[in-house]
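Down below is the structure, laid out as structure tokens.
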Amino acid sequence: MSRKTLTAVNPANDKVIGEHEMLSEPEIRAKLDAARHGFAELRKLPVAARARKLHAVADLIDKRQADIAEVICHEMGKKFGDVIAETRISAAIVRFYADNAEDYMAPKPKQVAGAQKAEVVRDPMGAVLGVMPWNYPLYQVVRFAAPNLAGGNACLLKHASNVPGSAKLITQLFHDAGFEEGTFTWLPVSSSEIAEIMRDPIVCGVTLTGSEEAGKSVAATAGELAKPSVLELGGIDPLIVLDDADIDKAVEIAIDGRFDNTGQSCAASKRLIVVEPLVERFTERLVDQVQKLRIGDPMDESTNIGPMSRKDLRDDLHDQVKRAVQKGAQLETGGEILDKPGAWYAPTVLTNAAPGNPAFDEELFGPVASVVIADDTEHAIELANNSPYGLGGTVVGQDVKRAEQVARRLDVGMSFVNRPTTPFAELPFGGVKGSGYGREQSEYGFGEFLNVRTVFVADS
């Protein structure tokens, strides 16, 4: 009987570029047993030793940038330069936790009546299962792996099925840095096997980045098992253009925020909410600049827009655009599947997006910008918060204090002024409402899967 495989297809040309065997049930059990042993050894390592291994991971990411970029470009169509940028933020996150691990893990003394000693310590709890998406194949993995390995937890990676080559390469990076099999383990399995893996006692928690549907399923199982979970789900992030905004700067920020990674980002600026006096000029300039975006080979440095990651997702996006137009949105440019092999979609601008229209209500996960008209600033805030999601949000305006006041009123996990939502190792990443719960990055992402334990010694 033939083994099931994960198949990698180049979305730029539909060519199969690799197949990787999936694990059988006995092999999954063996991997989980290895994680039990790996965790037992990892937790005994001094924090400084774990930090040294993390520094080695970061160094290898830097050293192997080109190899990483080539694999990710071919597997999911990300532009070569964008992958290089992804490797840089990934290395920065790993180094951040390597540099801060000892401080974060140090006992925190407390002054308590009747105590000779009272302190709070953090202990590792087991293996954390990371269910990761394809759109940032390296960044998403290190975001969960680095803090957990620093804290002494083992890591189990269930990566997206269309990027098995990336998963294999990332695993090799961690192994070469000293996090051997059992401490960092790739599980090439199907989504249907996640729940059973979570039931294994070595799994102390699960973190998922993906769709709302997948998140709810994982959260339900975690709740049943009384295991902690962190979810980073979808977003229909607003970008508000205030009436004092510089049009050219606003359009530049909007294009960066919407079309980066070919629009395939949870935290992309998907709803461009523009106050009425600026709508006409903003839209004219936006359409002009979007039409100038160069569509082409993601390995070519002059390319602005590469293919989407999969043809089925491209087709779903096209259906959303068609439904949006049928319900009153105006197609200004794009809105078509390109006639060539691969998962290509023309960069698109829709206007007259309003509540009740798919261009406003649904997450369009691809190169489609939706322009929304606001009567004034208060209406713009109301529209921005009129969403079941709350991941990130951006406000653009020349009066920075005023823009900051508006940004603070957005119902999101991350507010940015005059910049699209951007990951920084030092800042927490995560959302509210349907965008999930829990945080990654910074000190707030460190202790999600550690036991915060009270140690009390009575005063004799």
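If you read the sequence from its start, that first residue is 1, and numbering goes on from there. As a basis for the values below, the full set of heavy atoms in this structure was taken, side chains included, without hydrogen atoms, waters or symmetry mates.
Less than 6.0 angstrom separates the ring centroid of Phe174 from the ring centroid of Phe184.
In this structure, the side chains of Lys53 and Leu149 stay at 4.5 Å or more apart for every pair of heavy atoms. Residues Trp344 and Ile305 have side chains not in contact (no heavy-atom distance under 4.5 Å, counting atoms from C-beta outward). Under the 4.5 Å side-chain criterion, counting only non-hydrogen atoms from C-beta, Pro164 is in contact with Glu75. Inter-residue side-chain proximity for Met132 and Thr207 is flagged as met; some heavy-atom pair is nearer than 4.5 Å. Between Val371 and Val349 there is a side-chain heavy-atom pair separated by less than 4.5 Å. Side-chain contact check for Lys108 versus Val121: every heavy-atom pair is 4.5 Å or farther apart. Contact of the Phe39 side chain with the Thr183 side chain is not registered, since no non-hydrogen atoms from C-beta on lie closer than 4.5 Å. A heavy-atom distance below 4.5 Å is not found between the side chains of Phe259 and Asp256.
A salt bridge does not link Lys158 with Glu193: none of the charged nitrogens is closer than 4.0 Å to a carboxylate oxygen. The residues Lys31 and Glu27 are annotated as not salt-bridged, no charged nitrogen and carboxylate oxygen being separated by less than 4.0 angstrom. Using a cut-off of 4.0 Å between Lys/Arg side-chain N and Asp/Glu carboxylate O, Arg258 and Asp237 are scored as not salt-bridged. Using a cutoff of 4.0 Å between basic side-chain nitrogens and carboxylate oxygens, Asp200 and Arg36 are scored as salt-bridged. Ion pairing of Lys4 with Glu19 is absent here, as no side-chain N (NZ or NE/NH1/NH2) approaches a carboxylate O to less than 4.0 Å. Salt bridge Glu224/Arg199: present, at least one basic N to carboxylate O contact under 4.0 Å. Of the charged side-chain nitrogens involved, none lies within less than 4.0 Å of a carboxylate oxygen, so that Glu404 and Lys401 do not count as a salt-bridged pair. Using a 4.0 Å cut-off between charged side-chain N and carboxylate O, Glu363 and Lys270 make a salt bridge.
No hydrogens or angles considered: nothing links the side chains of Glu232 and Tyr437 as a donor-acceptor pair under 3.5 Å. In summary, the side chains of Arg143 and Gln140 do present a donor paired with an acceptor at a separation below 3.5 Å, with no hydrogens or angles considered.
The distance from atom CD of Glu70 to atom CG of Leu169, rounded to the nearest 0.5 Å, is 10.5 Å. Distance check, rounded to the nearest 0.5 Å: CG of Asp316 to CE of Met308 gives 8.5 Å. Atom CE in Met414 sits 8.0 Å away from atom OG in Ser435 (nearest 0.5 Å). Here the straight-line distance linking atom CZ of Arg122 with atom CZ of Phe449 works out to 13.5 Å at 0.5 Å rounding. In this structure, CD1 on Ile72 lies 11.0 Å from CG on Asp67, to the nearest 0.5 angstrom.
Note on ring orientation: taking the six-membered ring where Trp is involved, the planes of Phe446 and Tyr97 are parallel (angle under 30°, cut-offs 30° and 60°).
Using a distance-only test at 3.5 Å, with no hydrogens or angles considered, a donor-acceptor pair links the side chain of Ser370 to the main chain of Ala359.
Looking at residues two or more places apart in sequence or on another chain, you find a side chain to side chain donor-acceptor pair (under 3.5 Å) between Thr303 and Arg294. Residues satisfying the ring-ring contact (aromatic ring centres under 6.0 Å, His included) test with Phe80, not counting sequence neighbours, are none.
For Arg409, the CZ atom counts as loosely surrounded, since its 6.0 Å shell holds 12 or fewer non-hydrogen atoms of other residues, nucleotides or ligands. For Lys327, the NZ atom counts as loosely surrounded, since its 6.0 Å shell holds 12 or fewer non-hydrogen atoms of other residues, nucleotides or ligands.
For the pair Arg439 and Phe429, the cation-pi criterion (under 6.0 Å, within 45° of the ring axis) is not fulfilled.
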* Determine, step by step, whether Gln405 and Arg408 satisfy the side chain to side chain donor-acceptor pair (under 3.5 Å) criterion, reporting the C-alpha distance in whole Å, the side-chain angles of both residues, the deciding distance to 0.1 Å, and the verdict. => CA-CA 5 Å; Gln405 290 172 350; Arg408 287 179 179 274; over 6 Å; no

Distance-only criterion, 3.5 Å: show the donor-acceptor pairs between side-chain atoms of residues 85-95 and protein atoms not counting sequence neighbours.
{"unit_1": "Glu86", "atom_1": "OE1", "unit_2": "Lys78", "atom_2": "NZ", "d": "3.3"}
{"unit_1": "Glu86", "atom_1": "OE2", "unit_2": "Leu138", "atom_2": "N", "d": "2.9"}
{"unit_1": "Glu86", "atom_1": "OE2", "unit_2": "Tyr139", "atom_2": "N", "d": "3.0"}
{"unit_1": "Thr87", "atom_1": "OG1", "unit_2": "Gln65", "atom_2": "NE2", "d": "3.3"}
{"unit_1": "Thr87", "atom_1": "OG1", "unit_2": "Ile84", "atom_2": "O", "d": "2.6"}
{"unit_1": "Ser90", "atom_1": "OG", "unit_2": "Glu86", "atom_2": "O", "d": "2.7"}
{"unit_1": "Ser90", "atom_1": "OG", "unit_2": "Tyr139", "atom_2": "N", "d": "3.4"}
{"unit_1": "Arg95", "atom_1": "NH1", "unit_2": "Asp62", "atom_2": "OD2", "d": "3.1"}
{"unit_1": "Arg95", "atom_1": "NH2", "unit_2": "Asp59", "atom_2": "OD1", "d": "2.9"}
{"unit_1": "Arg95", "atom_1": "NH2", "unit_2": "Asp62", "atom_2": "OD2", "d": "2.6"}

